[in-house]
Number of protein chains: 2
Amino acid sequence: MAGIRAAQKEKTRRALIQAAMNQLSAEHGYASLSLREVAREAGIAPTSFYRHFQNMEELGLTLVDEGGLTLRQLLRQSRQQIAKGGSIIRASVTTFMEFVNNNTAIFRLLLQEKSGNSREFRMAVAREVEHFTSELEDYLVDEQKFTRELAELQADAIVRIVFSVGADALDADNKERQRLTEQTIHQLRIIARGAEATRTAAIPTEQAVRRQQ
Amino acid sequence: MAGIRAAQKEKTRRALIQAAMNQLSAEHGYASLSLREVAREAGIAPTSFYRHFQNMEELGLTLVDEGGLTLRQLLRQSRQQIAKGGSIIRASVTTFMEFVNNNTAIFRLLLQEKSGNSREFRMAVAREVEHFTSELEDYLVDEQKFTRELAELQADAIVRIVFSVGADALDADNKERQRLTEQTIHQLRIIARGAEATRTAAIPTEQAVRRQQ
DNA sequence: ACTTTAAGTGAACACGTGTACGCTCAATTT
DNA sequence: AAATTGAGCGTACACGTGTTCACTTAAAGT
């Protein structure tokens with residue numbers, strides 16, 4: 001009843017997940033992950049793998065879930081930073097970049113499977129990104145008093161840009177990463193101005209838009 | 001001297017490229033492309049493959065190049081549409097979405113290898129995207145009289161959003177695709193307004209920015 | 001104490017993979 | 001006409017893959 005058995009099982013399950021994480025790298029993605037190699041690194045026989053996951057796919061989906069979880073935990077940190085009175089935009093971008101920096105393997109997994117070859121994977125990642133977007137959207141509605149519609153457009157654009165920049169950051173050195181961060185902050189501020197202009201001056205701004213076609 | 005030999009070689013080379021293209025699909029990406037299957041579909045022996053490409057990697061890079069080429073040809077079409085006096089934003093977005101629609105396999109290849117496991121591939125795709133961005137940037141400087149700096153920020157943001165939307169479009173039905181298109185147009189207009197506000201009212205806008213932190 | 005359950009094992013299978021090697025034989029060059 | 005070149009072929013090899021099956025052996029349930 002001590003659950004020593006269940007505990008051991010959970011332990012090797014974690015070992016498998018950890019082993020899979022370790023094998024993910026810039027050169028070696030989930031697609032080329034091998035059951036046998038993962039089992040070897042986890043210290044169990046290849047066949048024992050099936051006691052924990054039905055498929056490699058199931059393992060992969062678990063990794064995606066954990067990645068999304070980490071990402072959302074990060075979001076909360078970011079909000080705390082905002083509460084302390086910093087700039088939302090700067091805080092969000094820098095914490096996101098830190099996430100990419102500290103969880104390279106997991107971010108790369110999310111990124112690759114976002115446009116990968118398994119529909120189920122793509123949808124799992126899409127779900128995580130949607131969480132991300134909708135929390136940002138809620139923030140824009142609640143704290144910044146944007147309309148739902150405008151908040152949705154803004155949040156969606158921001159998340160797209162930030163994820164895309166995160167992807168570039170994977171291959172960048174520190175200096176380039178810094179440049180990307182500052183660039184992104186500028187871009188998000190442009191979007192903020194645009195959204196602001198859209199809500200505060202809906203009619204006059206239409207002319208400005210027409211002016212540039 | 002008729003070059004009948006060279007012609008034949010080029011022909012089977014095209015056959016290999018075409019075969020590779022055909023095997024690319026939502027479920028079966030470049031990573032899991034097999035030399036033997038490609039050779040089989042091209043109608044040659046597996047070993048003959050090496051008469052044309054040193055590696056599968058070399059074939060892959062060829063595919064990326066061709067994809068980028070197609071993409072830039074498309075850009076030109078898009079400009080023609082603009083010259084005819086439509087909205088730049090609408091024209092660009094719709095032609096891009098059409099490209100994704102008509103060249104699904106090639107766009108997916110670009111997208112996957114953009115964050116794929118071969119550094120060489122990633123850089124090849126990055127180069128293509130940069131072409132895309134810098135042409136848009138030039139347009140914004142030349143035709144819309146933005147400063148270089150502001151044009152760069154704008155172009156970069158736009159391309160990131162558009163590629164990201166293109167990715168989503170791959171899994172979308174026609175109705176959803178239409179929604180994505182309209183949403184993107186709105187988003188790019190917000191960016192246009194933001195950029196406009198930034199250049200016309202650099203100082204007052206700072207306050208607006210501070211207001212939303 | 002006896003039975004059941006289930007995590008972990010090891011051997012074996014069938015299969016697809018990339019690629020090295022030596023060959024053919026038609027197009028090209030000399 | 002003779003020599004050379006090179007695209008394409010068939011065989012063979014060594015290897016890693018996922019998965020099956022019948023097993024051991026402790027923990028958990030009775």
Exercise for review: Figure out the CD1/P separation between B:Ile4 and D:dG8, and round it to whole Å.
Suggested key: 12 Å

Exercise for review: Starting from the 5' end of DNA chain C, give me the residue, B:Gln54 or B:Ala6, whose nearest nucleotide shows up first.
Suggested key: B:Gln54

**Study point:** Gap between atoms OH and P, on B:Tyr50 and D:dG10 respectively (whole Å)
**Key:** 17 Å

Study note, to complete from the structure: Whole-Å distance, B:Phe49 CZ to C:dG18 P, equals 9 Å

**Study point:** Lys/Arg cation over aromatic B:Phe132: B:Arg72, 6.0 Å, 45° cone
**Key:** no

Check your understanding: Would you say the side-chain atoms of A:Thr133 pair up with the backbone N or O of A:Val129, donor to acceptor, closer than 3.5 Å?
Key -> yes

Point to revise | First encountered from the 5' end of DNA chain D, between A:Arg51 and A:Ser34 | key: A:Ser34

Point to revise | Length of the CD-P vector between B:Glu37 and C:dG16, whole Å | key: 9 Å

Exercise for review: In whole angstrom, give the distance that lies between atom CZ of B:Arg13 and atom P of D:dA7.
Suggested key: 12 Å

Check your understanding: Considering the options B:Gln18, B:Glu41, B:His28, B:Arg40, which one meets the side chain to side chain donor-acceptor pair (under 3.5 Å) requirement together with B:Gln23?
Key -> B:Glu41

Revision key, fill the gap. Test side-chain contact (heavy atoms from CB on, under 4.5 Å), reference A:Val64, set A:Leu59, A:Leu109, A:Ile106, output is A:Leu109

Exercise for review: Side chain of A:Thr12 only, please: which of C:dG8, D:dG8, D:dT19 is the nearest?
Suggested key: C:dG8

Review point. Which is it for B:Arg122 and B:Ser115 under the side chain to side chain donor-acceptor pair (under 3.5 Å) test, yes or no, and what are the steps along the way?
Key: CA-CA 6 Å; B:Arg122 287 196 302 269; B:Ser115 49; over 6 Å; no

**Study point:** Nearest-nucleotide pick for A:Leu35, side chain only, options being D:dC9, D:dG18, C:dT19
**Key:** D:dG18

Practice item. Would you indicate which nucleotide in D:dT19, D:dG8, C:dT5 comes nearest to any side-chain atom of A:Arg5? Key: C:dT5

Check your understanding: Just how far, in rounded Å, is P of D:dA27 from NZ of A:Lys11?
Key -> 13 Å

Point to revise | Length of the line joining A:Ile44:CD1 and D:dG18:P, which is rounded to integer Å | key: 13 Å

Check your understanding: Rounded to the nearest Å, what distance is computed from the CG atom of residue B:Leu59 to the C1' atom of nucleotide C:dG18?
Key -> 14 Å

Revision key, fill the gap. Side-chain atoms of B:Arg36 come closest, of D:dT19, C:dT19, D:dC9, to C:dT19

Check your understanding: Going by modelled atom types, is there a donor-acceptor pair between the base of D:dG10 and the side chain of B:Thr47 at under 3.5 Å?
Key -> yes

Practice item. Just compare C:dT19, C:dG8, D:dT17 and give me whichever is closest to any side-chain atom of A:Ser48. Key: C:dG8

Practice item. Identify which nucleotide among C:dT19, D:dT19, C:dT28 has an atom closest to any side-chain atom of B:Pro46, counting heavy atoms from C-beta outward. Key: C:dT19

